[in-house]
Amino acid sequence: MPKAILENQPLAPLTTWKIGGPARFLAAPRDLEDVYGLMRLAYDRGWPLFFLGRGSNILIADQGLPGLTLHLAKALQKMERQGQTLRVGAGVALPRLARAAAAWGFAGFEFLAGIPGTVGAGVRLNAGADGQNLAGVLKRVLVATPQLQLVEFQAGELDLGYRSSLLLHFPHWLVVEAEFALATPAPPAVIAEKMRQLLAARKARFPANPRSCGSVFKNPPGGPPAGALIDQAGLKGRRAGAAQVSKKHANFILNQGQATAGQVKALMAEIQETIWRTRGVMLEREVVFLPDDLA
Ligand SMILES: Cc1cc2nc3c(=O)[nH]c(=O)nc-3n(C[C@H](O)[C@H](O)[C@H](O)COP(=O)(O)OP(=O)(O)OC[C@H]3O[C@@H](n4cnc5c(N)ncnc54)[C@H](O)[C@@H]3O)c2cc1C
């Protein structure tokens with residue numbers, strides 16, 4: 001077994017919810033070459049392969065993940081500016097991207113300042129906030145396929161929509177790099193002030209407990225937001241064990257202690273059933289279940 005691969009490693013600390021069992025094997029690749037080596041090893045040995053960014057949009061099962069998990073939060077950290085184009089590695093944190101664009105004097109990335117994920121996972125579901133999303137600044141994406149080919153997509157080919165993209169249909173594709181357009185020059189101080197205001201507004205709206213995955217459900221098209229529906233159904237504060245619907249923002253489920261994935265799933269199912277029964281709306285989850293969603 002290569003030294004860089006750790007066995008039976010806890011994954012909960014690598015997620016914002018702090019929930020879930022261990023990874024059978026865990027590795028943190030340093031660069032693309034490393035990623036390829038690890039992918040090849042997993043395929044040779046028939047191991048399922050999982051990707052983990054900053055763990056801010058996943059629920060890991062209590063029994064953990066079989067096979068090999070690639071922890072990308074510290075890998076693929078490239079950030080390279082070429083004129084009006086910014087090439088960014090998939091492991092770069094979205095707030096870092098926002099701050100870099102601001103420092104270079106380009107607006108349009110401020111909404112990313114409070115989203116605690118990576119570029120790779122962000123592109124995959126077109127992360128967004130405050131009426132903007134990555135589709136507004138994305139030019140191109142490089143993806144590594146399970147056949148170890150590097151495939152390039154123009155943003156227009158990715159079918160980017162509200163928390164969705166073509167990439168969601170291919171969970172075995174690894175986003176390696178994304179290219180962004182630096183198109184809107186603005187004074188860094190003005191951009192910084194806008195970011196400060198957006199962050200302050202988020203702080204006022206969101207619960208103080210950081211052990212969550214942000215919004216659990218997508219907002220249904222054309223209707224009230226998921227949080228409003230859950231609130232109106234009287235489910236704020238509802239608990240399953242240590243998992244609790246936030247009293248401040250009903251689309252957040254908080255880990256109030258030693259919550260399990262089973263408890264979070266039970267609470268989510270109860271919310272979906274209640275909203276379906278009382279409002280005729282089936283809430284679609286935004287959070288990814290692992291390993292379930294890779295089956
Ligand atoms: C407090 C809080 C607030 C949030 N607010 C927002 C918000 O305003 N807007 C918003 O859009 N989201 C928000 N989120 C959700 C989350 O931050 C985003 O979805 C983010 O893009 C997830 O990135 P991650 O690196 O943490 O992904 P992870 O949770 O690690 O992974 C999510 C999924 O992406 C896959 N993945 C990870 N890296 C890659 C890669 N390189 N290539 C392919 N697949 C990959 C994983 O396998 C998994 O399926 C919030 C979360 C929290 C905790």
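Because the structure is predicted, anything quoted here is derived from the model rather than measured. Along the sequence shown, the residues carry numbers beginning at 1.
- Using a 4.5 Å cut-off on side-chain heavy atoms (C-beta onward), Leu86 and Leu97 make contact.
- Within a 6.0 Å sphere centred on CH2 of Trp104, other residues, nucleotides and ligands contribute more than 12 heavy atoms.
- Placement of Leu174 and Val141 in two distinct hydrophobic clusters is found when ILVMFWY residues are connected by side-chain heavy-atom separations under 4.5 Å, directly or transitively.
- Looking only at distances, a side-chain donor or acceptor of Asn126 sits under 3.5 Å from a matching main-chain atom of Leu134.
- Between Thr69 and Leu14 the shortest side-chain heavy-atom distance does not fall below 4.5 Å.
- Looking at Asp293 and Arg285, their side chains come closer than 4.5 Å, going by heavy atoms from C-beta outward.
- Side-chain atoms of Gln84 and Gln82 form no donor-acceptor pair, as typed in the model, at a separation below 3.5 Å.
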Begin with the C-alpha distance, continue with both residues' side-chain angles, and end with the deciding distance and a verdict on salt bridge (Lys or Arg N to Asp or Glu O under 4.0 Å) for Lys194 and Asp130.
CA-CA 12 Å; Lys194 185 169 173 204; Asp130 304 295; over 6 Å; no
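- Smallest separation of non-hydrogen atoms from Arg279 and Pro224: NH2-CG, 4.0 Å.
- Panel note: side chain Asn219, backbone Ala226; a donor-acceptor pair is recorded below 3.5 Å.
- A donor-acceptor distance shorter than 3.5 angstrom exists from the side chain of Arg81 to the backbone of Gly83, with no hydrogens or angles considered.
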Decide side-chain contact (heavy atoms from CB on, under 4.5 Å) for Leu38 and Ile5; before the verdict, give the C-alpha distance in whole Å, the side-chain angles of both, and the deciding distance to 0.1 Å.
CA-CA 9 Å; Leu38 290 161; Ile5 299 183; 3.8 Å; yes
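- Remark: Phe51 CZ to Arg124 CZ distance equals 9.5 Å, nearest 0.5 Å.
- Between Glu177 and Leu76 there is no side-chain heavy-atom pair separated by less than 4.5 Å.
- Residues Asp231 and Ala250 approach most closely at N-CB, 3.7 Å, considering heavy atoms.
- Under the 4.5 Å side-chain heavy-atom criterion for Ile, Leu, Val, Met, Phe, Trp and Tyr, Leu138 and Val119 are members of the same hydrophobic cluster.
- Residues Arg45 and Phe25 fail the side-chain proximity criterion, which asks for heavy atoms closer than 4.5 Å.
- Side chain of Glu157 to backbone of Ala155: no donor-acceptor contact under 3.5 angstrom is found.
- Aromatic pair Trp173/Phe153: ring centres closer than 6.0 Å.
- The hydrophobic cluster containing Tyr162 does not contain Leu125, counting ILVMFWY residues as joined when their side-chain heavy atoms lie under 4.5 angstrom apart, directly or transitively.
- With hydrogens and angles ignored, the 3.5 Å screen pairs a side-chain donor or acceptor of Asn251 with a backbone N or O of Phe217.
- A donor-acceptor contact shorter than 3.5 Å links the side chain of Asn209 to the backbone of Asn255.
- Of all heavy-atom pairs between Ala90 and Thr118, the closest is O-CB, 3.3 Å.
- Gly91 approaches Gln77 most closely through the heavy-atom pair O-NE2, 2.9 Å.
- When all heavy atoms are compared, the tightest approach of Ala101 to Leu182 is CB-CD2, 4.3 Å.
- The 12-atom threshold is not exceeded at CD of Gln258, counting heavy atoms of other residues, nucleotides or ligands nearer than 6.0 Å.
- We find the CE-CG distance between Met39 and Leu41 to be 12.5 Å, quoted to the nearest 0.5 Å.
- Ile19 contributes atom CD1, which lies 8.5 Å from atom CZ of Arg211 (distance to the nearest 0.5 angstrom).
- At least one side-chain heavy atom of Pro207 sits under 4.5 Å from a side-chain heavy atom of Leu254.
- At least one donor-acceptor pair closer than 3.5 Å links the side chain of Lys248 to the backbone N or O of Phe206.
- The distance from the OG1 atom of Thr260 to the CD atom of Gln63 is 10.5 Å, given to the nearest 0.5 Å.
- A pairwise comparison of heavy atoms in Gln132 and Gly108 identifies NE2-O, 3.8 Å as the closest pair.
- A side-chain contact (heavy atoms from CB on, under 4.5 Å) with Leu267 holds for exactly one of Gln263, Lys265, Glu270; it is Glu270.
- At a threshold of 4.5 Å between side-chain heavy atoms, the hydrophobic network of Ile, Leu, Val, Met, Phe, Trp and Tyr places Val143 and Leu160 in one connected group.
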Leu49 vs His172, side-chain contact (heavy atoms from CB on, under 4.5 Å): CA-CA, chis, key distance, verdict
CA-CA 8 Å; Leu49 186 62; His172 300 281; 5.7 Å; no
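- No continuous path of hydrophobic side-chain contacts links Val175 to Leu150 [ILVMFWY only; heavy atoms under 4.5 Å].
- Residues Trp17 and Val287 have side chains in contact (heavy-atom distance under 4.5 Å, counting atoms from C-beta outward).
- Using modelled atom types, one finds no donor on one side chain facing an acceptor on the other under 3.5 Å when comparing Gln256 with Arg239.
- One distance of note links CG of Leu235 with NZ of Lys247; it measures 13.5 Å at 0.5 Å rounding.
- Put simply, the side chain of Leu229 reaches to within 4.5 Å of the side chain of Pro220, judged on heavy atoms.
- Judged by distance alone, with hydrogens and angles left aside, the side-chain atoms of Lys218 form a donor-acceptor pair with the main-chain N or O of Arg163 at under 3.5 Å.
- Atom CZ of Arg205 is separated from atom CZ of Phe252 by 8.5 Å, given to the nearest 0.5 angstrom.
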